[in-house]
Amino acid sequence: MRTLFSGEFSVAYGQMYVDGRTEPDEGPEAGLHECFMGQRAGLCGAAVPGHLFLLTGMHTGSVPLTVELHEAEPPSDEDSWEDIVEASFRTASDDTLLIEWGGEGWDLGLPAGTYRVRYHCRGMDEAHDGVRSEDEPVLDEYLLQFWPGSRKRDLIVKETSDSAAYWHRFASQLPPPPTPEELAAARRLAREQEEQEARQLRERLETEAWGGRLPSDRLRNVGGNVAGMVDLDVALVHAIDEAGPDIQRSMARWAAHRACDVAGLSSVDWIARGLAELDQGMTFSPPLDDAERMWNRLFSDPQVPETVVTLPDGTPNASQQAMALPALTDAAHADPLQAALDALYAAAAAHGTGWRDLFAEIRTAFPETAHAPLPPADHPSRLVRGSHVVRLEYRSDN
């Protein structure tokens, strides 16, 4: 025989536990009812595999406890103990723990295996619902014995106290534990419920982000500045999506022209040439065929005016020309939906605080979008995303 634990042990709510599960969070809940389901005996609940639920007379405080490991079944000491029950226990872990109600545990050093368990109790009625500290007289005490053995039905070896009788009645009135198939079905159902709730949450959040309706797959997966357009005018975004590729391409060209017009770029020779190439579906000629050369040309060409604009989000002193130029190249994107959204977003930035007028114009120019309600005048605009924001501060000598 080897003593695994001997001393005072803290209990709360008349409970202490032994746990040898490798994954305590998996499988059935190790609650009071679950641990005694299908048993005839109370006091030692073993219905949850790998877990023992031990009951005491003492409600809160310290009880003397001894835990022993035997090589074979020990003699039953019915003369010294008032109440004795037996159950079967299998631990898959070499780290089987003796655990307090609050969760603190001590390693018993019990090797993994299948055991028969005998739980001895004395003084349960005297200690019923009591509170005791270690230095006070002992009211109840307990012995837990393990020995190797095959799995068998639980057993009431001896019953004396009213407390034990109460817990035996409690256990006998519980239904049998769920079968492995029922547990698997319950886990599957819980998993499906979690997945459904997560899916509904994603849909609700996405619906809110897209103005009260789910986007199409095309709109959901389009790149570019779609998020910026959604922030400005989500109803228009949905209408553009529904308009179809031919209308989207026309919108993109329209937005490029409006952006260049408002920024004074349409009369700049190389930009005018680029607008003509866009309209004819041609490849851009230099410098519009290379982003670095394009931006260098924009800021070095004396033909290019220098004006500033307050962006839709209220940011002041942004270069109007830098806001407008991306509309030209964005309008040529291979995806007509992205071309329309990006070109219109750049045009909105170039119009600054007048972006609502621009969006009203496109509803007139393209009847396909006329049904989309305009955003309210107090609609908040958020930060520009992805645009080339360049601020020019006025100097007194300009």
Side-chain angles (χ1 to χ4, degrees), residues 211 224-241 243 247-268 271-272 274-275 278-279 295 298-299 303-331 333 337-394 398:
N225 271 322
V226 62
M229 278 295 295
V230 167
D231 286 343
L232 292 177
D233 193 338
V234 65
L236 180 59
V237 171
H238 286 294
I240 292 173
D241 176 41
I247 300 300
Q248 291 162 0
R249 187 63 68 187
S250 297
M251 289 179 179
R253 292 193 291 265
W254 180 90
H257 279 276
R258 292 294 289 112
C260 291
D261 288 346
V262 77
L265 295 177
S266 297
S267 59
V268 177
I271 294 178
L275 288 168
L278 174 69
D279 292 340
W295 288 108
L298 180 73
F299 293 115
Q303 299 180 81
V304 175
E306 294 184 5
T307 54
V308 295
V309 65
T310 297
L311 297 179
D313 74 323
T315 302
N317 295 328
S319 167
Q320 191 173 30
Q321 290 68 41
M323 296 297 99
L325 187 57
L328 174 54
T329 53
D330 288 345
H333 195 280
L337 176 57
Q338 183 171 336
L341 294 174
D342 283 0
L344 190 57
Y345 186 69
H351 280 72
T353 55
W355 64 273
R356 288 184 180 83
D357 295 335
L358 174 73
F359 286 1
E361 287 181 34
I362 197 171
R363 285 168 165 84
T364 300
F366 296 91
E368 296 82 0
T369 64
H371 67 281
L374 280 163
D378 60 351
H379 174 71
S381 303
R382 302 178 187 174
L383 294 175
V384 173
R385 301 174 184 174
S387 292
H388 301 272
V389 180
V390 179
R391 296 179 179 81
L392 299 178
E393 300 290 345
Y394 282 118
N398 280 349

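Since the structure is predicted, the reported quantities are computational estimates derived from the model, not experimental observations.
Of the possible donor and acceptor atoms, none in the side chain of Gln248 sits under 3.5 Å from a partner among the backbone N and O of Ala339. Although no hydrogens or angles enter the test, the distance criterion places a donor-acceptor pair under 3.5 Å between the side chain of Asp342 and the main chain of Asn225. For the pair Glu368 (side chain) and Ala239 (backbone), a donor-acceptor distance under 3.5 Å is absent. Formation of a donor-acceptor pair under 3.5 Å by the Arg253 side chain with backbone atoms of Ala340 is not found in this model.
Proximity of Val237 to Asp241: side-chain heavy atoms (C-beta onward) are nowhere separated by under 4.5 Å. Counting heavy atoms from C-beta outward, Ile247 and Thr369 have side chains that stay 4.5 Å or more apart. Contact annotation: the side chain of Phe359 approaches that of Met229 to within less than 4.5 Å [non-hydrogen atoms, C-beta and beyond]. Put simply, the side chain of Arg363 reaches to within 4.5 Å of the side chain of Asp233, judged on heavy atoms. A heavy-atom distance below 4.5 Å is not found between the side chains of Ile362 and Arg258.
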(request) Evaluate the side chain to side chain contact (heavy atoms under 4.5 Å, CB included) criterion for residues His257 and Asp279: first the C-alpha distance (whole Å), next the side-chain angles of each, then the deciding distance (0.1 Å), finally the verdict. (result) CA-CA 10 Å; His257 279 276; Asp279 292 340; 2.9 Å; yes
(request) Check the pair Leu275, Leu265 against side chain to side chain contact (heavy atoms under 4.5 Å, CB included), reporting the backbone distance first and the verdict last. (result) CA-CA 10 Å; Leu275 288 168; Leu265 295 177; over 6 Å; no
(message) As a quick check of understanding, evaluate side chain to side chain contact (heavy atoms under 4.5 Å, CB included) for Leu298 and Val268, giving each step before the final call.
(response) CA-CA 10 Å; Leu298 180 73; Val268 177; over 6 Å; no
(message) Assess the residue pair Val262 and Gln320 against the criterion (side chain to side chain contact (heavy atoms under 4.5 Å, CB included)); give the C-alpha distance rounded to whole Å, side-chain angles, the decisive distance to 0.1 Å, and a yes or no.
(response) CA-CA 8 Å; Val262 77; Gln320 191 173 30; 4.0 Å; yes
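Considering every non-hydrogen atom in both Ala263 and Pro305, the closest pair reads O-CG, 3.5 Å. The heavy-atom pair separating Ala256 from Leu278 by the smallest distance is CB-CD2, 3.7 Å. For the residue pair Gly352 and Pro312, the shortest heavy atom distance occurs at O-CG, 3.8 Å. The nearest pair of heavy atoms linking Ala255 to Ala327 is O-CB, 4.3 Å. Residues Ala372 and Ala235 share a closest heavy-atom pair of CB-O, 3.5 Å. Considering every non-hydrogen atom in both Ala324 and Cys260, the closest pair reads CB-N, 4.5 Å.
To the nearest 0.5 Å, atom CG of residue Leu358 and atom CD of residue Glu361 are 6.0 Å apart. Leu236 contributes atom CG, which lies 11.0 Å from atom CZ of Phe366 (distance to the nearest 0.5 angstrom).
A side-chain contact (heavy atoms from CB on, under 4.5 Å) with Trp355 holds for exactly one of Val309, Leu232, Leu344, Leu311; it is Leu232.
Note: Trp295 and Phe299 have parallel aromatic rings, judged against thresholds of 30 and 60 degrees for the angle between ring planes.
No donor-acceptor contact under 3.5 angstrom links the side chains of Glu306 and Ser319, judged on distance only.
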